[in-house]
Amino acid sequence: TGEKMKTGTKTMKLIRVRDIPRERFGTYLRIVAAFRPEKGNPRRIQFTAEGNLVVYPRKTSTKATDITTVKLLINSTLSTPNVKFVTANLVNFYLETPMEQREFIRIPLKVIPPKIMQQYKLEQYVSNGIVYFEINKGMYGLPQAGTIANDQLIKFSACSNDTTN
């Protein structure tokens, strides 16, 4: 509808192209369109980073469990009387995890509606038909987003399991 976002996650911030370090490169925008009839607004557009151009010097994979561990967990839950089992969806945790190494993304003017350009005063940030952003938090498409969120989750889990007084 062109309304201004009421709150934001501060995942990205506008920058000028000169603010990108010379040894770094702004990755490209990937636009994902989906139709989700179960949602209140079924037509969805999502901006993601094109992660193949991101150079991240550390590991980008996370440890996962195997099928035997999952079977043991389910079997234990089902065979224990009066037990309750809880799961949680951590999607926002993944998307909003602060990153140590900032990344950069370039968004071409042709995908930004004029109304948005005016509303957010983007003209001053345009360079060669592109608006640049600094990415400060995890977002879809970044190869390191999953491992950073996993490291953060392990850290928080360790703090909550601390039984010392």
Side-chain angles (χ1 to χ4, degrees), residues 1-36 39-66 87-162:
T1 63
E3 292 179 20
K4 205 170 198 178
M5 200 171 163
K6 291 178 179 62
T7 61
T9 61
K10 295 187 169 87
T11 297
M12 299 189 309
K13 74 175 186 178
L14 281 161
I15 61 168
R16 290 182 170 74
V17 68
R18 68 175 178 256
D19 297 330
I20 299 175
R22 287 181 188 228
E23 69 278 2
R24 304 296 304 282
F25 180 79
T27 192
Y28 294 100
L29 170 75
R30 180 172 179 241
I31 301 173
V32 180
F35 182 73
R36 305 274 308 270
K39 300 286 187 176
N41 180 359
R43 290 172 180 80
R44 307 216 162 222
I45 302 292
Q46 182 179 48
F47 283 10
T48 67
E50 191 63 57
N52 65 326
L53 297 177
V54 174
V55 177
Y56 187 71
R58 296 176 201 88
K59 70 177 180 105
T60 59
S61 61
T62 59
K63 293 179 182 177
T65 191
D66 60 15
T87 63
N89 184 346
L90 299 175
V91 68
N92 286 339
F93 185 79
Y94 171 90
L95 292 176
E96 297 177 17
T97 303
M99 299 189 325
E100 295 171 12
Q101 176 180 303
R102 60 192 176 151
E103 298 296 344
F104 304 94
I105 192 167
R106 42 177 62 202
I107 301 179
L109 284 181
K110 66 183 179 183
V111 301
I112 304 174
K115 187 173 183 177
I116 299 297
M117 288 292 297
Q118 182 181 9
Q119 184 175 348
Y120 293 97
K121 300 175 179 60
L122 300 182
E123 275 302 323
Q124 61 185 318
Y125 296 97
V126 176
S127 177
N128 295 323
I130 295 172
V131 178
Y132 292 84
F133 289 84
E134 178 182 292
I135 305 170
N136 301 303
K137 296 182 181 181
M139 67 182 287
Y140 292 123
L142 293 176
Q144 69 269 40
T147 192
I148 292 170
N150 187 63
D151 292 347
Q152 201 70 351
L153 182 60
I154 289 169
K155 187 170 101 178
F156 289 152
S157 296
C159 290
S160 67
N161 289 335
D162 186 5

Does atom CG of D66 have more than 12 heavy-atom neighbours from other groups under 6.0 Å away?
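More than 12 heavy atoms, drawn from other residues, nucleotides or ligands, come within 6.0 Å of this atom.
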Look at atom NZ of K59 and say whether more than 12 heavy atoms of other residues, nucleotides or ligands are closer to it than 6.0 Å.
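Above 12, so yes.
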With sequence neighbours excluded, tell me which residues meet side chain to side chain contact (heavy atoms under 4.5 Å, CB included) with I130.
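I130 satisfies side chain to side chain contact (heavy atoms under 4.5 Å, CB included) with R106, Y132 once adjacent residues are dropped.
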Of all the heavy-atom pairs spanning [X] and [Y], show the shortest one and how long it is.
| X | Y | value |
| --- | --- | --- |
| T11 | G138 | CG2-O, 4.0 Å |
| I148 | P98 | CG2-O, 3.5 Å |
| G40 | P42 | O-CD, 3.5 Å |
| T60 | P143 | CB-O, 3.3 Å |

Checking K10 against N136 for the side-chain contact (heavy atoms from CB on, under 4.5 Å) test, could you report, in this order, the C-alpha distance in whole Å, the side-chain angles of both residues, the deciding distance, and whether it holds?
CA-CA 8 Å; K10 295 187 169 87; N136 301 303; over 6 Å; no
Validation row: R44, F35 side chains within 4.5 angstrom (heavy atoms):
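They are not in side-chain contact.
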Kindly indicate whether the side chain of M117, heavy atoms from C-beta on, has any atom under 4.5 Å from the side chain of V126.
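Result yes, sub-4.5 Å side-chain heavy-atom pair found.
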Set of side chain to side chain donor-acceptor pair (under 3.5 Å) partners for Q152, sequence neighbours left out
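None.
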What's the spacing between [X] [atom1] and [Y] [atom2] if we round to 0.5 Å?
| X | Y | atom1 | atom2 | answer |
| --- | --- | --- | --- | --- |
| E100 | D151 | CD | CG | 8.5 Å |
| L29 | F133 | CG | CZ | 9.5 Å |
| I31 | T48 | CD1 | OG1 | 9.0 Å |
| E103 | E134 | CD | CD | 10.0 Å |
| R102 | R24 | CZ | CZ | 7.5 Å |
| Y140 | E50 | OH | CD | 16.0 Å |

Going through the distances and angles, do L14 and Q124 end up as a side-chain contact (heavy atoms from CB on, under 4.5 Å)?
CA-CA 10 Å; L14 281 161; Q124 61 185 318; over 6 Å; no
Could you walk me through whether F47 and I105 pass side-chain contact (heavy atoms from CB on, under 4.5 Å), step by step?
CA-CA 11 Å; F47 283 10; I105 192 167; over 6 Å; no
Check against side-chain contact (heavy atoms from CB on, under 4.5 Å), M99 and M139:
CA-CA 10 Å; M99 299 189 325; M139 67 182 287; over 6 Å; no
